[in-house]
Amino acid sequence: MNDKQAVALEAASYVKNDMIVGLGTGSTANYFIEALATRQQQENLRITTVASSNISMIKAQSVGLTVLSLAQLSQIDLYVDGADEITADNSLLKGRGYDLVMEKLLAKAAKEFIVVADKSKLVSRIGENYPIPIEVMPFAWQAAKRSIEAIGGTGDLRPNAAKDGLCITSYGSLVLDMRFDASLDSHQLNALLNNIPGVVEHGIFAKLASKILIADQGKVETRA
Ligand code: 5RP
């Protein structure tokens with residue numbers, strides 16, 4: 001069993017009968033979906049899920065989970081998802097898979113948000129390994145980019161290498177991948193980005209995680 005499977009299995013142990021469970025997106029979230037389906041089958045649990053992406057929805061349906069739309073719900077019991085970066089104060093960077101709008105909605109709607117990751121995701125600051133993904137309305141991308149540059153951001157629209165064009169999200173937005181100076185604290189940056197017109201959502205998840213499960217060589221550490 002690899003580390004991503006180990007944390008996914010541990011996260012699945014938090015699920016109880018009759019829960020509504022949010023499903024994240026990515027390879028670790030996929031292992032969670034599999035572990036959840038196994039528990040549902042073996043223990044005959046009643047579980048309803050809501051997926052953060054079309055990919056996760058299809059994966060969940062393929063393993064026999066019931067998937068509802070978030071439009072039918074205002075709150076969920078538990079959300080389990082991976083992350084791209086995790087700091088010591090439990091701030092997260094997400095959205096390399098560009099489904100961050102739904103991911104943040106589910107993280108906020110959940111009574112409990114459990115993050116599942118291997119040790120490679122630990123960083124000393126948000127933005128250390130990746131630019132910050134910022135989803136923008138297509139007609140606003142130039143204006144939003146200019147506002148983001150005014151607070152010190154540098155970067156450009158995310159390309160879609162596979163399709164030889166631009167990356168377009170499930171909801172028709174464009175993604176700006178922007179880097180910021182290391183001196184700009186992620187909580188400050190979170191507040192600044194929340195205030196820019198044309199920005200739909202961004203990948204800094206501050207103060208949203210309830211628990212972070214980190215696996216290192218098969219051992220899972222739980223941070224609250
Ligand atoms: C997608 C995400 C993923 O959770 C993040 O990219 C981690 O993926 P993986 O589990 O494959 O390492 O934020 O938007």
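Start at 1 and go down the list; that is how both ligands and their atoms are numbered.
In this structure, the side-chain hydrogen bond (donor to acceptor under 3.5 Å, both in side chains) partners of D18, at least two apart in sequence or on a different chain, are R46. Under the rule for a side-chain hydrogen bond (donor to acceptor under 3.5 Å, both in side chains), the partners of K59 that lie at least two apart in sequence or sit in another chain are E34.
Here is the list of ligand 1 atoms found below 4.0 Å of a heavy atom in G26: 11 (O). Per-residue contacts place K4 under 4.0 angstrom from the following atoms of ligand 1 (heavy atoms of the residue considered): 9 (P), 11 (O), 12 (O). The contact set between ligand 1 and D84, taken as ligand atoms under 4.0 Å from a residue heavy atom, comprises 5 (C), 6 (O), 7 (C), 13 (O). Interface atoms of ligand 1 facing K121, defined by a heavy-atom separation under 4.0 Å, are 7 (C), 9 (P), 12 (O). Each of the following atoms of ligand 1 lies closer than 4.0 Å to a heavy atom of D81: 4 (O).
The protein non-hydrogen atom at the shortest distance from atom 10 (O) of ligand 1 is T28 OG1, 2.5 Å. Given atom 1 (C) of ligand 1, the protein heavy atom at minimum distance is E103 OE2, 3.2 Å. Atom 3 (C) of ligand 1 has as its closest protein heavy atom T25 O, 3.2 Å. Here the protein heavy atom with the shortest distance to atom 7 (C) of ligand 1 is A83 O, 3.5 Å.
Contacts of L100 with ligand 1, taken as heavy-atom pairs under 4.0 Å, are absent altogether.
Among the atoms of G82, some N or O lies under 3.5 angstrom from an N or O of ligand 1.
The option with the heavy atom closest to atom 13 (O) of ligand 1, from among E85, M102, K94, is K94. When the options S27, A117, G95 are ranked by their closest heavy atom to atom 11 (O) of ligand 1, first place goes to S27.
For Q61, the CD atom counts as densely surrounded, since its 6.0 Å shell holds more than 12 non-hydrogen atoms of other residues, nucleotides or ligands. More than 12 non-hydrogen atoms from other residues, nucleotides or ligands lie less than 6.0 angstrom from CD of E43. More than 12 heavy atoms of other residues, nucleotides or ligands lie within 6.0 Å of CG in L157, so this atom counts as buried by the packing criterion.
Put simply, the side chain of N190 never gets that close to the backbone of S186: no donor and acceptor are under 3.5 Å apart. Between the side chain of E128 and the main chain of S124, a donor-acceptor pair closer than 3.5 Å is present. Checked by atom type and distance alone, the side chain of K121 pairs as donor or acceptor with a backbone atom of A83 at under 3.5 Å.
Side-chain contact between D81 and F205 is absent, with no heavy-atom pair separated by less than 4.5 Å.
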